[in-house]
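Right, one structure below, let's go through it.
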Protein chains: 4
Amino acid sequence: MFSKFLNLDKEKQDRIINAAIKEFTQKGYDRGSTNEIVKEAGISKGLLFHYFQNKKQLFLFIFDYCYEIVIDEFYKKIDFQETDFFMRMRQAIGIKVEMLATYPDIFKFIQEVFLEESAEIKVEFDKKKTEITHINIEKAYEGIDYTKFRDDVDLTKILKIINWTFEKMSDEALAQAKLSPTHEIDYLTIQREAEEYFQILTRVFYK
Amino acid sequence: MFSKFLNLDKEKQDRIINAAIKEFTQKGYDRGSTNEIVKEAGISKGLLFHYFQNKKQLFLFIFDYCYEIVIDEFYKKIDFQETDFFMRMRQAIGIKVEMLATYPDIFKFIQEVFLEESAEIKVEFDKKKTEITHINIEKAYEGIDYTKFRDDVDLTKILKIINWTFEKMSDEALAQAKLSPTHEIDYLTIQREAEEYFQILTRVFYK
Amino acid sequence: MFSKFLNLDKEKQDRIINAAIKEFTQKGYDRGSTNEIVKEAGISKGLLFHYFQNKKQLFLFIFDYCYEIVIDEFYKKIDFQETDFFMRMRQAIGIKVEMLATYPDIFKFIQEVFLEESAEIKVEFDKKKTEITHINIEKAYEGIDYTKFRDDVDLTKILKIINWTFEKMSDEALAQAKLSPTHEIDYLTIQREAEEYFQILTRVFYK
Amino acid sequence: MFSKFLNLDKEKQDRIINAAIKEFTQKGYDRGSTNEIVKEAGISKGLLFHYFQNKKQLFLFIFDYCYEIVIDEFYKKIDFQETDFFMRMRQAIGIKVEMLATYPDIFKFIQEVFLEESAEIKVEFDKKKTEITHINIEKAYEGIDYTKFRDDVDLTKILKIINWTFEKMSDEALAQAKLSPTHEIDYLTIQREAEEYFQILTRVFYK
DNA sequence: CATGAATGAGCCTTCATTCAT
DNA sequence: CATGAATGAAGGCTCATTCAT
């Protein structure tokens with residue numbers, strides 16, 4: 001599909017990818033302009049459409065590219081020896097926070113995608129999102145010792161509650177950051193708050 | 001502000017409102033075309049801008065209009081005599097499900113707004129959103145008997161976990177529906193599932 | 001033609017006239033909006049077009065109205081006993097400067113008309129302008145003693161040169177003022193400069 | 001800035017330039033329609049804005065283009081050997097009249113610009129106009145022998161009076177032409193009349 | 001491979017003017 | 001007399017995409 005693009009010398013690839021990330025992160029899919037992308041990347045109009053049939057394909061490629069980088073590094077850093085669910089989750093959150101600092105643009109882009117996706121690309125992405133979510137959960141929780149959870153309630157539902165809690169918590173933190181004047185995310189406060197939720201969830205869901 | 005519009009005969013108002021809801025729900029703010037709206041509403045280009053100074057004002061008006069309808073009816077149906085938290089929440093979810101069936105367009109529109117908001121209208125809506133959320137929580141939980149909750153964990157956080165759980169649950173249900181061929185929402189299944197979460201949350205968070 | 005309008009109570013007439021002067025002075029004929037005029041005057045759209053068939057007629061009326069005020073007052077103040085050409089001219093310039101301070105809006109409007117007139121109204125105004133100019137010269141120089149001028153050159157041409165000199169001088173002064181930060185016109189400097197030109201012209205054109 | 005446009009093949013450039021000159025000369029800046037220009041030039045909407053970011057830039061370009069042509073040719077034809085002020089001026093007027101016949105459209109356009117400038121472009125042009133005027137006067141009078149002028153009056157003011165005289169004279173001639181049915185300019189009469197003013201001015205301002 | 005000129009539908013908005021009330 | 005809702009053409013401008021070179 002994008003083999004032509006991938007044969008390009010790395011430096012040019014990067015220029016294009018970064019330009020696209022920047023534009024789409026700033027303006028979203030709909031208002032993101034291919035004009036601006038080629039200008040920023042220093043390539044011609046035609047070339048962009050030579051590699052990526054159209055704007056949508058470009059966007060999809062950029063999303064996959066970013067997602068892969070993030071996901072790969074994420075699993076590389078997870079310690080699969082740790083079998084305690086909450087310890088594993090603590091790790092996951094720590095890694096996420098770390099990566100947010102390392103790849104702020106890429107992360108911001110993925111975030112935007114998950115929020116803002118226009119009608120144009122909704123269908124494609126709704127599918128992609130559930131796919132991704134399913135894969136993640138299965139992989140991220142590999143080898144977990146589930147016997148520590150209380151037996152009187154459905155385990156799958158417990159896990160959902162816990163996941164949702166942390167997802168919503170981080171959503172709120174990001175929303176908060178967006179309202180602050182500096183748009184700065186206060187990672188320390190997030191981690192401290194997360195810890196409190198960990199305590200609660202451990203107490204109520206572990207035997 | 002919109003007094004000119006509100007003096008119009010109800011039928012025309014409705015044609016315009018419905019056309020706008022339809023267009024914005026389908027295509028979002030940025031891609032939603034005022035051209036389409038006037039065509040669908042059967043009015044002239046100029047008239048729309050006679051009532052609503054510009055696209056943004058129209059969108060804001062439509063949002064407020066929809067939100068008010070939904071919120072008003074919601075609180076009218078809630079039984080504030082019921083002081084048990086989970087019973088109250090059961091009610092709330094029941095009412096929501098009911099309203100989803102009565103005003104599917106309006107509901108869908110509000111949902112879209114909460115997700116998709118373009119850069120153009122972000123600032124206005126981020127404020128509006130937090131405002132709305134705060135008001136709702138305070139009002140919806142009026143008169144609740146919180147003594148039933150266990151004392152060994154922070155009550156505020158418990159409530160957040162519970163809210164988040166149902167929010168995420170309904171998000172997932174809607175996402176599921178969108179993937180199905182008919183886009184039909186299976187309310188019965190949702191309520192049955194919600195009930196299961198109620199059981200779990202009551203068990204772990206009540207004394 | 002505008003008898004309907006002139007039968008209106010004076011206060012309303014003034015509101016409309018002032019609103020129109022303000023709008024046309026600020027934005028010129030083309031960009032001047034009848035919408036703004038009715039808003040400022042506090043009357044309805046329809047009424048304006050009831051009195052003045054269309055925008056052009058309104059503009060013409062406003063121009064004539066302003067012009068008459070200015071011209072009437074001008075001739076009332078001229079001392080026709082003074083028969084020396086240059087003394088008469090000194091008077092004229094003094095009166096103009098005075099009136100500029102008394103009716104700044106009206107004056108500014110007339111000035112704008114003489115400069116900016118759009119294609120739409122050019123034909124009508126070119127005629128009006130030459131008409132006006134001819135009338136003015138004839139009237140303003142009534143009773144002048146032309147025997148003081150040297151006989152070896154054509155008197156008509158001398159008068160033209162003198163008139164043109166003062167017209168251009170004031171054009172330049174106005175242009176200068178427009179370039180200054182405050183847009184303030186320095187009347188004193190103008191009169192002092194005019195005096196110098198008077199000296200020169202008297203010396204070279206009088207016997 | 002306009003390099004894209006200037007790389008175009010000459011024929012297309014001309015089509016666009018001529019279309020723009022025609023439209024702006026006829027209707028002025030504000031009412032001049034880019035729609036009409038592209039229609040007349042036989043190009044697409046987008047292309048015009050590909051070359052010229054917006055209407056204002058287009059107008060500025062056209063003005064500079066026209067001005068340069070006129071000015072270049074003007075100075076090429078002036079005989080700088082001639083040091084007599086009035087002889088030099090006679091030349092200048094002769095050349096102007098000649099050029100008016102060669103480039104009637106361009107000349108008419110420049111003239112319009114100097115008169116009609118809309119609020120939109122006023123600031124840019126007020127600066128440009130004074131700049132241009134200063135350059136011209138300095139250059140056109142290079143090498144003139146000013147000792148022939150009478151010493152008892154300020155030379156600068158004399159020069160101003162003379163310049164203004166011929167400017168106003170040609171303004172009047174043009175205004176006259178516009179009122180005639182054919183809009184034809186009678187160059188012969190102008191030159192004959194100019195000659196009479198030359199005689200007068202020489203007599204009164206030379207020693 | 002690479003260019004960038006060219007397209008033209010589409011965008012939001014403004015406006016003078018009309019006309020039923 | 002007076003209103004202001006209604007019109008719809010026209011405005012400047014943007015944009016993804018194509019294609020001859």
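Per chain, numbering begins at 1; letters A, B, ... match sequence-line order. Just so it is clear, the values below take in all heavy atoms, side chains as well, and ignore hydrogens, waters and symmetry mates.
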> Rounded to whole angstroms, how far apart are NZ on Lys55(A) and C1' on dT14(F)?
Replying inline: 11 Å
> Is the phosphate of dA2(F), meaning OP1 or OP2, less than 4.0 Å from a side-chain N or O of Lys12(C)?
Replying inline: yes
>> Taking any heavy-atom pair under 4.0 Å as a contact, classify Gly42(D): base, sugar-phosphate, or nothing.
In response: nothing
>> If you assign each of Glu36(D) and Asp9(B) to its closest nucleotide in DNA chain F, which residue comes earlier from the 5' end?
In response: Asp9(B)
>> Donor-acceptor check, side chain of Glu23(B) to backbone of Thr34(B), threshold 3.5 angstrom: yes or no?
In response: no
>> For Tyr29(D) and Phe24(D), take the angle between the two ring planes, folded into 0 to 90°, and tell me which bin it lands in: parallel under 30, tilted 30 to 60, perpendicular over 60.
In response: parallel
>> Can you tell me if Asn35(B) touches the phosphate of dC11(E), counting only side-chain N or O atoms and a distance under 4.0 Å to OP1 or OP2?
In response: yes
> Would you say dG4(E) has OP1 or OP2 under 4.0 Å from some side-chain N or O of Ser44(A)?
Replying inline: no
> Which nucleotide, in any strand shown, forms a Watson-Crick or G-U wobble pair with dA20(E), with both distances under 3.5 Å?
Replying inline: dT3(F)
>> Using whole Å, what does the distance between atom P of nucleotide dT3(E) and atom NZ of Lys4(D) come to?
In response: 14 Å
>> Quick check on DNA chain F: between Gln53(A) and Gly46(C), whose nearest nucleotide comes earlier from the 5' end?
In response: Gly46(C)
> With a non-hydrogen cut-off below 4.0 angstrom, is Leu48(C) in contact with a base, only sugar-phosphate, or nothing?
Replying inline: nothing
> Whole-Å distance between dA9(F) P and Lys39(B) NZ?
Replying inline: 14 Å
> Would the Tyr51(C) and Phe61(C) ring centres measure less than 6.0 Å apart?
Replying inline: no
> Do Lys45(A) and dT17(F) have a side chain to base donor-acceptor pair shorter than 3.5 Å?
Replying inline: yes
> According to a strict under-4.0 Å criterion, is Tyr51(C) in side-chain N/O contact with OP1 or OP2 of dC1(F)?
Replying inline: no
>> Judged by each residue's nearest nucleotide on DNA chain E, which is more toward the 5′ side, Leu47(D) or Gly32(C)?
In response: Leu47(D)
>> I need the CZ-C1' distance between Phe24(B) and dC12(E), as an integer number of Å.
In response: 11 Å
> Nearest-Å distance, CD1 (Ile37(A)) to P (dT14(F))?
Replying inline: 17 Å
> Given atom CG of Asn54(D) and atom P of dG11(F), what is their separation to the nearest angstrom?
Replying inline: 17 Å
> Can you tell me if the side-chain N/O atoms of His50(A) get under 4.0 Å from OP1 or OP2 in dC1(E)?
Replying inline: no
> Does the side-chain contact (heavy atoms from CB on, under 4.5 Å) test come out yes or no for Lys22(A) and Asp105(A), once each step is laid out?
Replying inline: CA-CA 7 Å; Lys22(A) 186 174 163 187; Asp105(A) 289 343; over 6 Å; no
> Passes side-chain contact (heavy atoms from CB on, under 4.5 Å), Asn35(A) versus Lys45(A)? Steps please.
Replying inline: CA-CA 7 Å; Asn35(A) 268 350; Lys45(A) 213 79 216 292; 2.8 Å; yes
> Do any side-chain nitrogens or oxygens of Ser33(C) fall under 4.0 Å of OP1 or OP2 in dA16(E)?
Replying inline: yes
>> Checking contacts here: which listed nucleotide (dC15(E), dT14(F), dA5(F)) is nearest the side-chain heavy atoms of Phe49(D)?
In response: dT14(F)
> In the structure shown, which nucleotide is the Watson-Crick or G-U wobble counterpart of dA9(E), with both distances under 3.5 Å?
Replying inline: dT14(F)
> Are Phe52(A) and Leu60(A) close enough that some pair of their side-chain heavy atoms sits under 4.5 Å apart?
Replying inline: no
> What is the distance, rounded to the nearest whole Å, between atom CG of Asn7(D) and atom C1' of dT21(F)?
Replying inline: 15 Å
> Using a cut-off of less than 4.0 Å, is there contact between a side-chain N or O of Thr34(B) and OP1 or OP2 of dC11(E)?
Replying inline: no
> Asp30(B) has an atom CG; how far is it from atom P of dG10(E), in whole Å?
Replying inline: 18 Å
